[in-house]
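A quick write-up on the structure given underneath.
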Amino acid sequence: MSLTLYNTRLRRKEVFQPLNPERVTMYVCGPTVYNFIHIGNARPAVVFDTLYRVLKTLYPEVVYARNITDIDDKIMKAAKDNNESIADVAERFTQAYLEDMVSLNTLSPDMTPKATENLEPMQSMIATLIERGHAYEAEGHVLFAVQSMPDYGKLSNRSLEDMLDGARVEVAPYKKYAGDFVLWKPSAEDEPGWDSPWGYGRPGWHLECSAMIKAHLGDRIDIHGGGRDLIFPHHENERAQSCCSQHGEGEFVQYWMHNGYLNIDGEKMSKSLGNFRTVRDLLGQYKGEVLRFALLSAQYRSELDFSRELLAQAKASLDSLYTSLKEVDGVVAEAPQNLSDAPFYQALLDDLNTPIAIAELHQLAKALNKAADEEKPRLKGLLLKAGELMGFLQESPEQWFKQGVGEQGISAEEVEALIAERVQAKKDRNFARADEIRESLKAQGVVLEDSREGTSWRRE
RNA sequence: GGCGCGGUGGCAGAGUGGUUAUGCAGCGGACUGCAACUCCGUGUACGCCGGUUCGAUUCCGACCCGCGCCUCCA
């Protein structure tokens, strides 16, 4: 079976056929670095990281780019509010973002282009658009003329008329047409900017992605991903800029992919509504892998309600998977020779059906629990591989169960000492003392488990 | 107003024109000094009303409800 992906532009699933099977290209919209990211922002990072892992099993070279937007009015505002330079704000939150990405077990993209390092390609794209009659200058601005593009609106499936009907912003007076959007805007003396043929200024938001894709990946790429809220206007406008400035004909992006929202109490999580939880904050209470598991517990196009219960269930599921692995700690895993028949792989190939793939993880774990010794290396290898494709199960069970989150509480040495005391108590048939120790540890978040091999422990 | 998404058992969440995943929680049992873990067993749910059909949660139509986008947003 081959990879199928849901293409937003066509509103249906398609078999994925790369432009060049030797080199697959994927671009995902990264953060604007003016704040810590919230867990909703983490969803595309985790989803497309999973896709990246799957693509790597299919193609010899996958080039994954995820940008950093480090020039933007919101960053300028944050810098002003904190009395800090724009570069410092951007640098600080870029680092925080990269740390959060590591916590969520995402692989590093092959490139992380920054807007401020790509002004030249942006300006050259503007020049081309003006030359070709798709853009015009007005009062220090350069605007894209949406009416110059016959199929503008095709990605988001809307007509110009319909869009303007519901418009809720005032139309700037210098626009020839209300739907035109900014490619370049003037900066005041004390604002950041760059010299350009159209005066001192800075790029419009949509431009950087178009320009960086062209500069680093080429005129045409295979996959472009991001959150659903980027479909319009961001990706529609990117498509307009890129299609109208590229060499030759054809779609600039072959497969547009958009993840659904993360909700809080049924409402979209967003910075403007203020109902968000930052990844940073959540990492104080949950391991990154738990957050990742929660994010992948629904198919990426569905909405997902983010709650304490969701995280508790994610944690419980991972505990159970790691328990299976713990039981075969001494078994050497046998790497699967061929994934193509594995149900978890089939599920991932079907537009990243992670809930099914997770169900298969549980099936593998259950099979492993019951397996005869000679079957264990193969099953363990499959389970680890399935986990790896989704970014799970890469810690040792020991680490998973004994490393706490945030406040460490009782030390491992103290736990071991109490276990030793309890073993003696049990030997003396002093069960009252044995139970007392277990209860006391339980109250401190440590669970003891007796077996023939002895007593093991884990943090809850 | 335009465009779009969704409503599945206590919760989360797939899927399918008929044998109705999976996990968590619950219940019964095995194991255990007692537990925990694990294992075995256990749950006839698909918003409402019509239609098509031998048969619909799945297809079609209407309706109700929720959510989103229409130039800040992942």
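Everything quoted here is computed from the prediction, not taken from an experiment. All chains are named by letter (A, B, ...) in the order of the sequence lines, taking the proteins before the strands, and each is independently numbered beginning at 1. Just so it is clear, the values below take in all heavy atoms, side chains as well, and ignore hydrogens, waters and symmetry mates.
Side-chain nitrogen and oxygen atoms of A:K370 include at least one within less than 4.0 Å of the OP1 or OP2 phosphate oxygen of B:C40. OP1 or OP2 of B:G4 sits under 4.0 Å from a side-chain N or O of A:N157.
Residue A:L448 is in base contact, counting any heavy-atom pair closer than 4.0 Å across all strands shown. Residue-level contact check: A:L273 touches neither bases nor backbone, having no heavy atom under 4.0 Å from any strand. Using a 4.0 Å heavy-atom cutoff across all strands shown, A:R458 reaches sugar-phosphate atoms only and no base atom. Contact annotation for A:S302: backbone-only contact, meaning every heavy-atom pair under 4.0 Å involves sugar-phosphate atoms and none involves a base. Across all strands shown, A:S297 has heavy atoms under 4.0 Å from sugar-phosphate atoms exclusively, and none from any base. Contact annotation for A:Q299: backbone-only contact, meaning every heavy-atom pair under 4.0 Å involves sugar-phosphate atoms and none involves a base.
With a 6.0 Å radius and a threshold of 12 heavy atoms from other residues, nucleotides or ligands, A:R11 has its CZ atom above the threshold.
Of all nucleotides present, none satisfies the Watson-Crick or G-U wobble test against B:A56 with each distance under 3.5 Å. Nucleotide B:A25 forms a pair with no other nucleotide shown, judged by Watson-Crick or G-U wobble geometry with both contacts under 3.5 Å. For B:A14, there is no paired base (Watson-Crick or G-U wobble, both distances below 3.5 Å). Across all strands shown, B:C5 pairs with B:G66; the Watson-Crick or G-U wobble distances both stay below 3.5 Å. The nucleotide B:U19 finds no pairing partner, because no Watson-Crick or G-U wobble arrangement with both distances shorter than 3.5 Å includes it.
Whole-Å rounding puts the A:L51 CG to B:A74 C1' distance at 16 Å. One atom, CD1 of A:I356, and another, C1' of B:G15, lie 6 Å apart when rounded to the nearest Å. Rounded to a whole Å, the CD atom of A:E267 is 11 Å from the C1' atom of B:G68.
The separation of B:C64 from B:C73, taken at their P atoms, amounts to 34 Å, rounded to a whole angstrom. Comparing the P positions of B:A36 and B:U57 gives a spacing of 40 Å, expressed to the nearest Å. For the P atoms, the distance from B:G51 to B:A74 is 48 Å, rounded to whole Å. Remark: the separation of the C1' atoms in B:C46 and B:G41 is 25 Å, to the nearest Å. One C1' atom belongs to B:G28, the other to B:G61, and the distance between them is 47 Å to the nearest Å. Atom C1' of B:C5 sits at a distance of 16 Å from the matching atom of B:G47, rounded to the whole Å. When the C1' atom is used for both B:G4 and B:G9, the distance is 29 Å, rounded to whole Å.
Side-chain atoms of A:R43 and base atoms of B:A74 include no donor and acceptor less than 3.5 Å apart. Judged by distance alone with a 3.5 Å cut-off, a donor-acceptor contact links the side chain of A:D450 to the base of B:C34. You'll find a donor-acceptor pair under 3.5 Å spanning the side chain of A:R438 and the base of B:C34, going by distance alone. Taking 3.5 Å as the limit, the base of B:G23 and the side chain of A:Q313 contain a donor-acceptor pair of atoms between them. No hydrogens or angles were tested; on distance alone, nothing pairs the side chain of A:D229 with the base of B:G68 as donor and acceptor under 3.5 Å. At a cut-off of 3.5 angstrom, counting only N and O atoms as typed in the model, there is a donor on one side and an acceptor on the other between the side-chain of A:K268 and the base of B:C73. Evaluation of atom-type donor-acceptor distances gives no pair under 3.5 Å for the side chain of A:S317 against the base of B:C24.
Checked against the 6.0 Å centroid threshold, A:F93 and A:F36 count as a close aromatic pair. Taking the six-membered ring for Trp, A:H224 and A:Y255 have ring centres at least 6.0 Å apart. Residues A:H235 and A:H258 place their aromatic rings such that the two centres sit under 6.0 Å apart.
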For this session: Might you work through the ring pair (Phe, Tyr, Trp, His ring centres under 6.0 Å) test for A:W184 and A:H141, ending with a clear yes or no?
Result: CA-CA 5 Å; A:W184 190 260; A:H141 295 71; over 10 Å; no
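Looking only at side-chain heavy atoms (C-beta outward), A:K442 and A:E460 come within less than 4.5 Å of each other.
Geometrically, A:R301 engages A:Y6 in a cation-pi contact, judged by NZ or CZ lying under 6.0 Å from the ring centre and within 45° of the ring axis.
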